[in-house]
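Contents: one structure, followed by commentary.
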Amino acid sequence: PPPYAAFAACAEVVAESRAYNGKCYWLSSNFASSNWQTALASCEARAGSASLVRIDDSSENDFMESLVATYGSLWLGASDLAVEGTWVWTDGTPALLSEFTD
């Protein structure tokens, strides 16, 4: 299945969006052949405050897992592009994904 991009801010409600815990997640299959940087740039171009999703707690992680189960893979807003093996969110804060997974 194609990767979906999701972001945690909405300028408008669209058919491909899903709301959860005060955030809006837009899902798009337009990134099937793209890479992380392209997905990030596309989200940011869609709306000024939009970005790939940042998972802030285990409840949100569970929600994202449900989206993956329904829609297939997706792009998250964490990368290790700056330093291999050191994962950070798009805002530069550490992405401690092990806090939410087994």
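Atoms considered below: every heavy atom in the structure, side chains included; atoms not considered: hydrogens, waters and symmetry mates.
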Where the side chain of Asp80 meets the backbone of Val83, is there a donor-acceptor pair that is under 3.5 Å apart?
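Side chain of Asp80 to backbone of Val83, a donor-acceptor pair under 3.5 Å: no, none is there.
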Main-chain N/O of Ser66 paired with Thr70 side-chain donor or acceptor, under 3.5 Å:
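Answer holds: yes.
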Parallel, tilted or perpendicular: which describes the rings of Tyr20 and Phe63, with under 30° parallel and over 60° perpendicular?
parallel
Using the side chain to side chain contact (heavy atoms under 4.5 Å, CB included) definition, which of the options Leu76, Leu96, Asp62 pairs with Ile55?
Leu76
Only one of Asn61, Leu67, Val68 passes side chain to side chain contact (heavy atoms under 4.5 Å, CB included) with Glu65; say which it is.
Asn61
Check Ser51 against Leu40 and note the closest heavy-atom contact, atom names and distance.
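Looking at all heavy atoms of both residues, the closest pair is OG-CD1, 3.4 Å.
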Please find the pair of heavy atoms, one from Val53 and one from Trp89, that lie closest to each other, and give the distance.
O-CZ3, 3.6 Å
Run the side chain to side chain contact (heavy atoms under 4.5 Å, CB included) check on Glu60 and Asn21 step by step: do they pass?
CA-CA 8 Å; Glu60 187 173 22; Asn21 202 24; over 6 Å; no
Gap between atom OG1 of Thr90 and atom CD of Glu44 - 0.5 Å precision
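The distance works out to 7.0 Å.
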Working to the nearest 0.5 Å, report the span between CD of Glu84 and OG of Ser79.
10.0 Å
